[in-house]
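Reading through the C-alpha cells given below for one structure.
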Amino acid sequence: MIEASYFPNDLEQKWYAKWLENDLFKRKIFPDKTAYTIVIPPPNVTGILHMGHILNNTIQDVLIRRARQKNQSVFWIPGTDHAGISLQIKVEKELAQQNKTRYDIGREAFLDLAQKWREKHGGIILDQLKKLGISCDWSALKYTLDPDYYRAVLTTFVKWYRQGYIYRGLRLVNWCPVSMTALSDEEVIMRQQNSSLYYIKYEIVEKPGTFIIVATTRPETIMGDVAVAVHPSDERYRDFVGLHCWRPILRESIPIIADEMVLKDFGTGALKITPAHDAVDFEIGQRHELAAIGVIDKNGKLNRFAGPEFANMDRFEARKRVGEYLQKNGLLVKEEIYTNSIGFSERAGVPVEPMLSEQWFLKYPCVEEAKLAVQKGFIRFRPERWEKTYIHWLDHIKDWCISRQLWWGHRIPVWYRKGKDRNDPQNWHVSVDGPEDFENWDQDEDVLDTWFSSAIWPLATLGWPDEKAMAMMGFDYFYPTADLVTGPDIIFFWVARMIMSGLNLLGDGEERLSNDEIRRRIPFRNVYFTGIIRDHLGRKMSKSLGNSPDPLDLIEKYGADGVRIGLLSMAPNGQDILFSEDRVAQGKKLCTKLWNSFRFRQQGSMEGDRSSLAAIVERINDATLEIDDIAILGKLLQVMDEFEHAMADYEFSHALQILYTFFWSDYCDWYIEISKIRIDGTVLAIHDLLLRQLLLLFHPFIPFVTEELWWEHGYGTKFLSEELLGNSDELRHDLSKIDFGKVEILSEEIEHIRELVVASRALKAQFELSSRRDVKFYFKADPEAQDVIDRHLRGIKHLLLTQFFDKTAEALQLPTTVVVLGAIYIDTANSLNLIAEKERLKRELEQLDQLIEMNQEKLNSEDFLKRAPQNIIAGARNLLAENRAKKKELEAVLLKLSTIN
RNA sequence: GGGCGGGUAGCUCAGUUGGUUAGAGCAACUGGUUUACAUCCAGUAGGUCGCAGGUUCGAGUCCUGUCCCGCCCACCA
C-alpha cells in the first residue's frame with residue numbers, strides 16, 4: 001500500500017542508494033546497439049552548486065534516462081575541473097590571512113596546500129549533484145589533474161608543438177595585475193567606465209612654441225611614449241609628419257609619424273604611441289620599428305622607466321598624479337569626462353593591463369574543418385542560431401595565449417638547458433616525460449590555461465591517448481559522444497575548442513580532412529545550449545546580489561523531483577529563464593498528484609496481475625470495455641507521439657507540458673471521475689495500464705517518485721529505471737485486443753460529451769446552484785445526438801451531480817445553453833430572474849450574430865471560395881451551420897420567455 | 001559600430017509550413033468539496049498579439065520601416 005502522504009526526501013535518498021548498489025548507472029556495451037554518450041561539463045572543484053548546474057544536469061539526466069529506456073548503450077561520464085586561477089586565488093587568500101604569499105612558501109608547498117584544498121572541498125559539488133538524482137557512471141569519474149589526464153594534456157601540447165601550432169613569442173597580452181598572470185582574450189570582459197580624456201600638449205622640437213595636442217585616457221603611460229602618430233591624409237598635421245616632438249614627461253625627442261590606423265575624428269586626430277601598453281600602438285610600433293618601453297610592472301605599479309617621480313606608484317594613482325603634473329606645467333589643455341569600455345579580468349575583477357610579455361601561443365588547428373563540421377550539420381546546435389556566433393568567432397579567430405604565470409595546473413612540458421639562452425629553440429626540450437639528464441635542464445615555470453585541458457575533455461575521459469585505456473573505456477564504441485549540454489556563454493571557451501581539438505588530435509595533423517574524417521573525429525553530434533537562469537526581475541543570479549536560491553534548500557523543501565520538473569517547466573527552448581519558486585512548488589504538486597492518483601487506484605481491488613504490460617492487458621474484458629476507455633487509450637497513443645516529437649526536437653518543457661496535461665486533465669479530471677461510476681476489473685486494468693505508462697513517460701523527469709510508485713504498485717521485479725519504453729506503435733501492438741478502428745469517431749463523441757458537461761456545469765455555476773443536487777436538467781437534441789447522450793447518461797449525471805437529465809421535445813422556458821449535441825436547459829426551481837435571463841440570452845445572441853456575420857462574409861467572398869483550400873472552406877461552412885443551429889435554439893427560448901407575461 | 005534574441009491576458013510563457021471564434025500555468029474573483037489529493041474540483045473575468053505600413057481570399061505568424069528591453073562581438077586612444 002502507498003503511504004498517505006508524499007514525502008520526497010527519504011524516498012529519494014533510499015532510491016539513489018539502491019540504484020548505486022545495483023550498478024544501474026554503469027556503462028553498458030551491447031555491440032549491436034547504438035551507443036549513447038554524454039560527457040558532463042565538469043564543474044569546478046571550487047564551485048558550489050547553483051541553479052545553472054541544476055538545469056544543465058537535469059537535462060542531461062533526462063536525456064540519459066530516455067536513452068536507457070530506448071535500450072541504447074548508455075554512458076554518462078562525470079568529472080571535475082581543477083579550476084586553475086579560481087583555486088589558486090582561494091589558496092592564496094588563505095595564505096594572505098597568515099600574511100604570506102605563494103612566493104614565501106615556494107612552489108612545492110603551495111601545490112601541496114592546493115591539493116589539500118581540493119581533497120577537502122573538491123567532491124562537494126558532486127555530492128550535491130547526486131542529490132538531484134543524476135545517473136552518471138561514477139566508476140568513470142575523471143579529474144583534469146588525474147595522472148593520466150595530465151599526460152593527455154601534455155601529449156596534446158607536445159603534439160601541437162611538433163606540428164607547429166604552438167609557439168613562443170613576445171606579444172602584447174592581457175595581464176591581470178592581481179592574479180599576476182597573462183589571460184586569454186576570452187577571459188577579458190569589456191565594461192563601460194566613466195573615464196577622463198586628457199588633452200595634452202606635445203611641443204614640436206623643430207618649431208619651438210608650436211604644439212601638437214594629443215588626447216588620451218591613459219596619461220600615466222606617457223613615459224612609455226615613443227612617437228606621436230597622425231593619419232597620413234590629415235591636412236591639419238601634414239607639415240608635422242617627419243618632425244619630432246618633446247615627450248612631456250621624461251622629456252625626450254620622439255618622431256611624429258603617419259599611420260592609416262589613426263582615426264582622424266577621434267580626439268584631436270593625434271595619437272600617442274606607447275607600444276608596450278596598447279594593442280594598436282603595438283601594431284603601429286612594429287610597422288615603424290619603434291622601441292617598446294614598458295613603464296608598468298606586473299603588479300600594476302609603475303616601474304623605474306617611469307622616472308623617479310612616479311616609480312613604484314599604482315597605475316591609477318599615477319594617472320591622477322600625471323594629470324596634476326601636466327596641469328602644473330601648463331601642458332594640459334583640458335580634461336573631458338568620457339565614457340569608454342575597458343577590459344576587466346573575469347576572475348579578479350580589475351582592469352587588465354595590456355603588457356608586452358613572453359608567452360606560449362596556440363595557433364588553432366582545424367579551424368576550417370571546425371566550421372564545416374557545424375555548417376554541414378555533422379554537429380547540430382540547438383537552438384540553431386548559436387551557429388552564427390560560433391562561425392563568426394572562428395572567422396575572426398586569433399592565436400590563443402595558453403601560458404599562465406600560475407602554479408596550479410598542468411606545467412608546460414618545456415625544458416631549457418641550464419645557463420643557456422632561453423630564446424634560442426636550440427636550447428629547448430619539449431616532451432611529455434622531460435629530458436633524461438634532468439639535472440641539466442630547468443622546466444618552464446608556467447602552467448597551461450585551464451581551458452587548454454578542458455578542450456580535450458571528451459577525448460581524455462575516454463582514455464585518449466593511451467591505447468590500452470581507450471580500449472578499456474570503449475573509446476571506439478562511445479566516441480563521438482551524442483549530446484553536449486552546456487551554456488552559450490562558453491561556446492568559445494569550451495565548445496569550439498573541443499571541436500578543433502577532436503578534429504586534430506584524432507589524426508596526424510593532416511592539412512585537410514574529408515567529410516567522413518570530420519564526422520569520425522567530432523567530439524559530439526548535438527550541442528544543446530541551455531538558457532541562463534535569472535531572477536524574477538531578469539537579473540543574472542549572483543552571490544553579491546543574493547538573488548540566487550540555494551538549490552539544496554529547494555531540494556529539501558520540494559524534493560529533487562519537484563525541483564527538476566519545476567526548473568524544466570520554466571526553461572523554454574534556449575531562452576533565458578526567469579526563476580520562480582512557484583514553478584518548483586508546482587513541480588512538487590505534480591508529484592503529489594501522481595502519488596494520490598495511485599492512492600485512488602489502490603482503493604480498488606489489488607488482486608489483478610500487474611507484473612507486466614501483457615498481464616494487465618490480459619485483464620481487460622472486451623465485453624465491459626466502454627467508449628471512455630478506448631478514447632483515453634487512444635489519447636494516450638496520440639500523446640506519446642506528440643511527446644516523442646517534442647523530445648526529438650529537444651523541447652523539454654513542451655514535452656513535459658504534454659504529459660502534464662494528459663495526466664492532469666485527461667486522466668485525473670476526466671477519466672478518473674467518469675470511471676468512478678463503473679469500477680470493475682476492466683476499469684481497474686485500464687487504470688493500471690495508464691498509470692504504468694505514465695510512470696514510464698514521467699520517469700526520466702521525476703525518477704524518484706516514479707520508481708517508488710512502480711514498486712509500491714507491484715509493477716514488476718525490475719527497476720523502473722531498467723524498464724524499456726516502446727513507442728506508440730509498439731504499445732498499439734501490445735493493445736491489439738482493443739479495437740482502435742473507430743477511435744477517432746469515439747474520441748469526438750467523448751469531446752462532445754465533455755463540451756456538454758462543461759456547458760451544463762457553467763449553467764449551474766451561473767445560477768449559483770453548484771451546491772444543489774436536486775437541480776433538473778433537460779436537453780433537446782435530434783435523435784442521433786440523443787443516442788449519444790443516452791450512451792453517456794450515467795456519467796453525465798455523475799459529473800453534474802444531478803439525478804435529472806431528461807429529454808424534452810420542445811424548447812423550454814428555462815435558462816439554456818447550446819452545444820453541438822443540442823440545447824441544455826436548467827430548471828432553476830422557480831428562482832429564475834426572467835429579465836436577467838433574457839438579457840443574458842440576448843448578449844449571447846449578439847455574440848453569436850457577430851460570429852455568424854463574420855463567417856457569412858467570408859463565405860460570400862468569391863476570392864475566398866476560389867483560393868482557399870477545400871478543408872478550410874468546409875470548416876467555415878460547418879461552423880456557420882453549427883452557429884446558426886445554436887442561434888435558432890436561443891431564439892426559440894427567447895421567444896418562449898417573451899410569451900411569459 | 002556590427003550581430004543575435006525578445007516585446008501576445010496583471011505575471012511567466014505556448015502559438016508548428018499564414019487557415020475555423022489567439023491558448024496554458026500562476027495571480028484575481030465566484031461556488032463547491034462528491035470513492036485519491038497538507039488539498040482538489042467546477043466556473044467567471046481578463047488580450048486592438050510593441051507601433052506604422054505592405055503582401056494575401058485570409059497575418060500573432062511573411063516582408064519593410066520604427067520604438068523599447070536584453071545579450072554577444074569590435075583596435076575610437
Side-chain angles (χ1 to χ4, degrees), chain A residues 2 4-6 190 197 214-218 221 229 261-263 265-267 270-274 278-284 338 340-341 383 385-386 388-389 392-393 396 488-489 491-492 532 534 536 538 540 569-570 572 574-578 580 582-583 585-586 589 592-604 645 649 651 653-654 657 660-661 665 668-669 672-673 676-677 679 757-758 761-766 768-773 798-801 847-848 850-851 854-855 858 861-869 871-880 882-883:
Chain A
I2 287 163
S5 298
Y6 164 61
M190 302 305 277
L197 191 58
V214 168
T216 181
T217 54
R218 303 212 54 194
T221 62
M261 233 168 158
V262 180
L263 299 166
D265 53 3
F266 183 87
L271 172 65
K272 73 187 203 59
I273 302 299
T274 324
D278 184 276
V280 172
D281 295 9
F282 180 75
E283 213 182 308
I284 294 178
Y338 179 66
N340 62 344
S341 297
R385 63 189 142 88
W386 294 112
K388 282 185 191 164
T389 309
H392 183 263
W393 186 69
H396 299 272
D489 47 335
I491 195 162
F492 314 136
I532 304 214
R534 302 170 174 283
H536 69 284
K540 223 169 172 167
S569 76
M570 60 186 123
Q575 299 293 349
D576 279 2
I577 296 142
L578 296 201
S580 119
D582 276 356
R583 289 293 188 105
Q586 243 180 288
K589 270 204 208 164
T592 310
K593 183 89 174 169
L594 192 60
W595 185 274
N596 284 313
S597 65
F598 271 88
R599 294 194 61 233
F600 165 73
R601 162 62 188 87
Q602 294 202 348
Q603 288 186 339
H645 275 122
D649 291 341
E651 290 183 343
S653 57
H654 184 217
Q657 185 62 42
Y660 184 99
T661 307
S665 43
C668 293
D669 292 347
I672 286 188
E673 291 310 319
K676 281 177 181 174
I677 55 166
I679 303 277
V757 168
V758 167
R761 279 168 174 167
L763 261 187
K764 221 172 156 181
Q766 216 151 17
E768 298 183 340
L769 296 167
S770 300
S771 60
R772 303 279 291 273
R773 302 172 148 261
H798 168 71
L799 294 173
L800 293 179
L801 296 176
Q847 282 177 8
L848 208 50
Q850 266 178 24
L851 290 179
M854 260 172 59
N855 233 288
K858 198 189 262 183
S861 154
E862 266 179 53
D863 282 331
F864 177 69
L865 294 176
K866 216 161 35 187
R867 291 174 214 238
N871 62 322
I872 297 295
I873 297 172
R877 288 210 166 107
N878 246 334
L879 193 67
L880 186 63
E882 234 168 61
N883 284 336

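Since we're looking at a predicted model, the values are computed, not measured. In what follows, every chain begins at residue 1, and chains take the letters A, B, ... in the order their sequences are listed.
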[X] side chain, from C-beta outward: closest of [options]:
X	options	answer
A:Lys589	B:U12, B:C40, B:A77	B:C40
A:Asp863	B:C4, B:C57, B:A36	B:C57
A:Leu879	B:U21, B:U12, B:C76	B:U21
A:Gln603	B:C57, B:U35, B:C76	B:U35

| request: Please state the C1' separation for the pair B:C41 and B:A36 - nearest whole angstrom. | output: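 Here B:C41 and B:A36 have their C1' atoms 12 Å from each other.
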| query | Quantified in whole Å, what is the P atom distance between nucleotide B:C13 and nucleotide B:C71? | reply | 15 Å
Quick one: [X] [atom1] to [N] [atom2], roughly how many Å, whole number?
X	N	atom1	atom2	answer
A:Asn878	B:G19	CG	P	19 Å
A:Phe600	B:C40	CZ	P	17 Å
A:Asp278	B:A77	CG	C1'	6 Å

| message | Is there, by distance only and without an angle test, a donor paired with an acceptor across the side chain of A:Glu673 and the base of B:A42 below 3.5 Å? | response |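 Side chain to base: no pair present.
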| Counting only distance, no hydrogens or angles, is the base of B:A38 paired donor-acceptor with the side chain of A:Ser5 under 3.5 Å? |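 A donor-acceptor contact between them is present.
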| message | Need one value for A:Val758: base, sugar-phosphate or nothing, where a base atom within 4.0 Å counts as base even if backbone is also close, heavy atoms only. | response |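 Result for A:Val758 = sugar-phosphate.
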| message | Both A:Ile679 and A:Glu283 contact RNA chain B. Taking the nearest nucleotide for each, which residue is further toward the 5' end? | response | A:Ile679
| With nearest nucleotides of RNA chain B determined for A:Cys668 and A:Gly267 from heavy-atom distances, which residue corresponds to the more 5′ nucleotide? |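 It is A:Cys668 whose nearest nucleotide is closer to the 5' end.
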| Counting only side-chain N and O atoms of A:Asn596, is one of them less than 4.0 Å from OP1 or OP2 of B:A38? | yes
| said: Is there a side-chain contact between A:Arg599 and the phosphate of B:A36, meaning an N or O under 4.0 Å from OP1 or OP2? | reply: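 Negative; the distance criterion is not met.
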| query | So, does A:Lys858 use its side chain to make a donor-acceptor pair with the main chain of A:Phe864 at under 3.5 Å? | reply |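 No: the side chain of A:Lys858 does not pair with the backbone of A:Phe864.
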| query | Does any N or O in the side chain of A:Asp649 come within less than 3.5 Å of the main-chain N or O of A:Glu651, such that one atom is a donor and the other an acceptor? | reply |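 Not at all, since once roles are kept as given, no pair shorter than 3.5 Å links the two residues.
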